[in-house]
Structure formats: structure tokens, C-alpha cells
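Structure first, then comments.
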Protein chains: 2
Amino acid sequence: MIQTTSEENYLKTIFHHAGLSNNAVTTNDIAASLGTKAASVTEMLKKLSAQKLIRYKKYNGVTLTDSGTKQALLIVRKHRLWEYFLVEKLKFSWDEIHEVAEQLEHIQSETLVERLDTFLEHPRFDPHGDPIPDKKGIIKKSDSQKLIDVTEKKEAIVNLVTDQPELLRYLSKIGISIGSKLKVIEKNSFDQSMLLLINGKSKVHISSSIANNISVQF
Amino acid sequence: MIQTTSEENYLKTIFHHAGLSNNAVTTNDIAASLGTKAASVTEMLKKLSAQKLIRYKKYNGVTLTDSGTKQALLIVRKHRLWEYFLVEKLKFSWDEIHEVAEQLEHIQSETLVERLDTFLEHPRFDPHGDPIPDKKGIIKKSDSQKLIDVTEKKEAIVNLVTDQPELLRYLSKIGISIGSKLKVIEKNSFDQSMLLLINGKSKVHISSSIANNISVQF
DNA sequence: ATATAAATTTAGGCAAACCTAAAAATAATA
DNA sequence: TATTATTTTTAGGTTTGCCTAAATTTATAT
Ligand SMILES: [Mn+2]
Ligand SMILES: [Mn+2]
Ligand SMILES: [Mn+2]
Ligand SMILES: [Mn+2]
């Protein structure tokens with residue numbers, strides 16, 4: 001069965017909130033993410049539940065069924081493939097793409113997704129480092145940790161940042177991108193802010209809320 | 001002001017029916033094209049008229065205003081650019097693209113259109129030979145005539161076919177594509193059917209309804 | 001010129017997706 | 001535990017874009 005754009009957005013939001021272990025997601029969280037009101041969410045949950053895309057028990061939050069997860073993964077796949085396309089082929093910068101991908105992810109055509117994937121040579125990560133689910137919905141998660149949790153003073157490589165335009169523009173400004181080498185020079189235990197050495201060159205001080213949105217691997 | 005997908009489809013339909021001289025288009029024609037009912041069309045015409053995208057006088061059909069024409073041209077531009085992309089980059093065949101382009105043409109992002117156009121190196125015609133309006137909405141129309149009107153027995157080159165999947169598949173089957181060289185060997189004055197020589201090789205008999213959907217130049 | 005037919009508009013409804021305000025259930029706190 | 005606060009659901013509306021059926025206007029044919 002084909003979903004409406006709105007239904008797809010709800011599925012995707014539930015997926016993002018639930019995390020890999022498919023935790024229950026609350027009505028309010030969904031409303032906040034989608035910029036709608038709780039009453040609207042409740043209505044939609046009933047519809048999705050009737051289609052067996054979610055498990056819904058009044059007042060108990062929702063989880064995705066296998067079918068719902070599959071749908072959500074396909075939308076995420078499309079979103080990330082399009083983001084990759086926009087950056088690699090159309091030369092968009094990483095902070096300009098999310099909005100457009102939000103529209104493109106709803107284009108209905110199985111052929112389109114697969115041919116796009118082929119054209120792009122099966123990319124594994126989108127421009128923010130988020131993994132692109134394969135055709136079967138399989139995501140291989142790389143081992144990375146949040147920069148804020150890094151204690152060692154070894155060199156770390158940026159492999160994931162949060163897809164938020166303002167953050168992304170700020171990171172560009174201070175010279176951080178996917179693949180950047182970071183060394184934590186100093187960590188303020190009071191406010192969790194950090195002094196970083198970026199690519200062995202510039203020293204930059206970042207707040208904890210920035211550090212919380214960057215992940216690295218060693 | 002931003003139009004809904006539905007409004008955009010109405011504008012585009014009116015544009016296609018009106019032709020270059022912007023003739024008045026009837027309610028019924030619009031309804032037939034869009035697969036809606038006349039009553040629904042009347043309703044939408046009022047909305048478009050209120051936005052000054054069309055000139056509408058009850059019972060008198062509609063014409064596009066300059067603003068409406070501009071909008072319609074942009075949608076046509078997007079449709080054709082995406083069709084070109086699907087064929088040239090994603091290796092779709094010319095009969096598979098219309099449906100997908102119908103969706104893609106409604107993606108809202110000026111930057112996207114312009115970067116796509118640049119990426120594709122400013123194509124002038126879509127895969128069916130339809131001209132792609134430039135950024136300013138200017139279409140350069142090539143001098144071509146319908147195959148059905150060809151009398152001379154000179155060699156003609158196919159430069160435009162109607163974008164209808166079934167027709168396109170049939171043309172592919174008999175070996176006609178954009179750029180094919182055709183010579184009219186025989187013309188039946190009773191049913192307007194023709195015997196063609198295609199690319200100097202195969203002889204094929206086509207009905208008038210096929211000949212009516214192919215245009216050529218000399 | 002009338003009568004009939006066709007095209008168009010109006011009237012009244014429906015479904016999707018949103019809303020606000022009120023009611024009900026659950027959670028937190030005194 | 002009783003009270004208060006928060007979360008969620010229900011009830012009742014709105015807008016968009018569609019529908020059918022009936023009324024109206026315009027076109028066609030006798
Ligand atoms: Mn994104
Ligand atoms: Mn992303
Ligand atoms: Mn087309
Ligand atoms: Mn075309």
C-alpha cells in the first residue's frame with residue numbers, strides 16, 4: 001500500500017525517535033518534531049495503526065512494526081541518496097540540502113531509487129556521515145563515539161555530524177567537515193567545552209552543544 | 001506566492017491547451033486532461049483567478065496572465081529538465097520518464113532547477129524533442145512539421161514525438177527515435193496511412209494516428 | 001424562433017490533515 | 001494518599017481538492 005507524504009513523515013519521525021532498538025515514541029515527541037499538535041498526531045497514529053505500520057495502545061506511545069520499519073528505512077534511504085546526489089553532482093553545500101531532500105524523499109518510483117543508487121555508485125554514507133540503508137533496508141553502523149565523550153588525546157577523525165543547517169554552517173566556518181582530524185587539547189570539566197586542534201593546524205574552542213553533535217572514530 | 005501541486009497542474013494544463021498564442025481554454029478540456037470533473041475545475045479556476053494567474057469570465061474559458069504563463073513555463077522547464085536527467089544520467093528509456101517527471105516538476109527549489117540545468121549542461125530539448133524553456137521562460141521553437149503533412153519524398157529527420165508511453169514504446173519497436181531519418185515512400189490518400197523508409201533500412205507502414213504524433217524537419 | 005443538447009456553474013457532501021478547547025488518563029509532588 | 005501538573009485523547013471546526021446532482025447558460029438543430 002502506498003503512503004501519503006504525511007504518513008511517510010510520521011513513519012520517518014517515529015523511526016528517528018525510536019533508535020535502533022525501536023523504543024516506544026510518545027505523541028508529544030512526534031508532534032514536536034513535525035511541528036504539529038498532539039491532537040493531530042493521535043489522529044494519524046490511528047490511521048497508521050489501522051495499516052499495521054505501528055503498534056499503538058492508547059496513552060502508551062508507539063513502536064514501528066516490521067512493515068513500518070521497512071517503509072521508514074526506504075524513506076531514509078531516499079533522503080540520504082538524494083542528499084548525496086545534491087552535494088556530489090549538483091554541488092550543493094551540506095547545509096543546503098536537507099530541505100530539498102525532504103521533498104525528494106517522497107517521490108514514488110522504485111526504479112528511480114535504484115537507478116539513482118547505481119548512478120551514484122552505491123554510496124554508503126550521506127554528506128553528514130549518516131549511513132545510507134541498502135535496498136533491503138540494511139544499515140551498517142560504523143563504530144564511532146560522540147566527540148563530547150572523547151577523553152584520550154589521540155587524533156580522531158570526524159565521521160558524523162548532526163544534519164542541522166545552522167550547525168553545519170558553523171562547522172564549515174571553523175573548518176570542520178567529514179574526515180577532519182581532531183585532537184582534543186583541553187577539556188573544561190565544568191561546562192564540557194573543548195579546545196581542539198583541527199587537521200594539525202588551527203586551534204578552536206567549541207562548546208559542549210557543538211561537541212555533542214559531532215562523532216568521531218579513531 | 002507559492003502554488004500547490006494541484007494549482008501547478010492546472011496552470012500547466014491550461015498552458016498546454018492554450019498553445020503559443022494563448023487561446024482560451026475550456027472547463028471541459030481541463031477536466032478531461034486532469035482526470036477531474038468540470039465542477040472541480042470551475043472551483044479551481046476561481047482560486048487561480050483570485051491569484052491573478054488566469055483571466056476567467058464565467059462560461060468563457062480561461063487564458064493565462066503573464067504571471068500565470070511564467071509559472072507554467074517554469075513547471076514545464078522543470079518537467080523537461082528532469083526528463084532529460086532521467087534519460088541521460090539514470091538511463092531510463094523515453095517511455096518511462098513522464099510519470100516520474102510529473103512528480104519531480106513540483107519540487108520547490110529555485111537553486112535545484114538552476115544547478116540541475118548546469119549539471120546537465122543546459123540541454124535545449126527533452127528526450128521527446130520538446131524544447132526546454134530557459135531560466136527566463138524563453139522557448140526557441142524549431143521549424144518542424146507534422147509527418148502527416150509531409151508530401152515531398154525527401155529525407156526528413158524526426159525531431160519531436162508526443163510524450164505518450166504507449167506511442168513511445170511502439171515507436172521504439174519499429175525503430176523510430178529522435179534523429180531518425182525518414183522517407184515517405186507512399187501515402188494512402190484514403191486513410192492517411194504511410195509507408196516509410198527508416199534510416200535507409202527498414203520499410204514500415206504507419207497509421208495516420210502515428211504519423212500525427214511525429215514531427216520532422218528537413 | 002423553439003426545442004433540445006451540451007457545457008458550465010452552483011449547491012451540498014466527503015476525506016485528509018490540520019487546528020483549538022475540553023475531557024480523561026497518567027505522572028509527579030506535597 | 002490526595003492534589004496538582006502533564007500528557008494524551010476526544011469533540012467539534014477549518015481548508016483544500018475532490019465528488020454527484022441539480023440549475024443555469026450557451027450552442028445546435030429543427
Ligand atoms: Mn537531511
Ligand atoms: Mn543527512
Ligand atoms: Mn513528460
Ligand atoms: Mn517530454
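Sequence lines set the chain letters: A, B, ... in the order given, protein chains first and strands last, and positions in each chain run from 1.
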Study note, to complete from the structure: Across all chains, not counting sequence neighbours, the ring pair (Phe, Tyr, Trp, His ring centres under 6.0 Å) partners of A:His17 are none
Revision key, fill the gap. Its 5'-most and 3'-most nucleotides having an atom under 4.0 Å from a non-hydrogen atom of chain A, DNA chain D is contacted over D:dT7 to D:dT10
Practice item. Please identify each residue that fulfils salt bridge (charged side-chain N to carboxylate O under 4.0 Å, His left out) with A:Asp117, with sequence neighbours left out. Key: A:Arg77
Review point. Salt bridge (Lys or Arg N to Asp or Glu O under 4.0 Å): which pairs involve residues 42-52 of chain A, sequence neighbours left out?
Key: none
**Study point:** Under the salt bridge (charged side-chain N to carboxylate O under 4.0 Å, His left out) test, residues paired with B:Glu96 that sit two or more places apart
**Key:** A:Arg115
Review point. What residues in residues 22-30 of chain B put a non-hydrogen atom under 4.0 Å from any atom of DNA chain C?
Key: B:Thr26, B:Thr27, B:Asn28
Point to revise | Below 4.0 Å: OP1/OP2 of C:dT10 and any side-chain N or O of B:Lys46 | key: yes
**Study point:** Set of residues satisfying salt bridge (charged side-chain N to carboxylate O under 4.0 Å, His left out) with respect to B:Asp163, sequence neighbours excluded
**Key:** none
Practice item. Not counting sequence neighbours, which residues clear side chain to side chain donor-acceptor pair (under 3.5 Å) with A:Thr151? List them please. Key: none
Exercise for review: Return the set of residues passing salt bridge (charged side-chain N to carboxylate O under 4.0 Å, His left out) with B:Arg124 (not counting sequence neighbours), or none when no residue passes.
Suggested key: none
Practice item. Compute whether any side-chain donor of one residue and acceptor of the other, for A:Glu7 and A:Gln71, lie under 3.5 angstrom apart. Key: no
Exercise for review: Mind jotting down which residue pairs meet the ring-ring contact (aromatic ring centres under 6.0 Å, His included) criterion with at least one end in residues 103-129 of chain A? Sequence neighbours excluded, please.
Suggested key: none
Revision key, fill the gap. For residues 51-82 of chain B, the ring-ring contact (aromatic ring centres under 6.0 Å, His included) pairs (sequence neighbours left out) are B:His79-B:His98, B:Trp82-B:Phe85
Check your understanding: How does each nucleotide of nucleotides 11-23 of chain C score, in 5' to 3' order, for protein heavy atoms under 4.0 Å: base (B), sugar-phosphate only (S), or none (-)?
Key -> -----SBBBB---
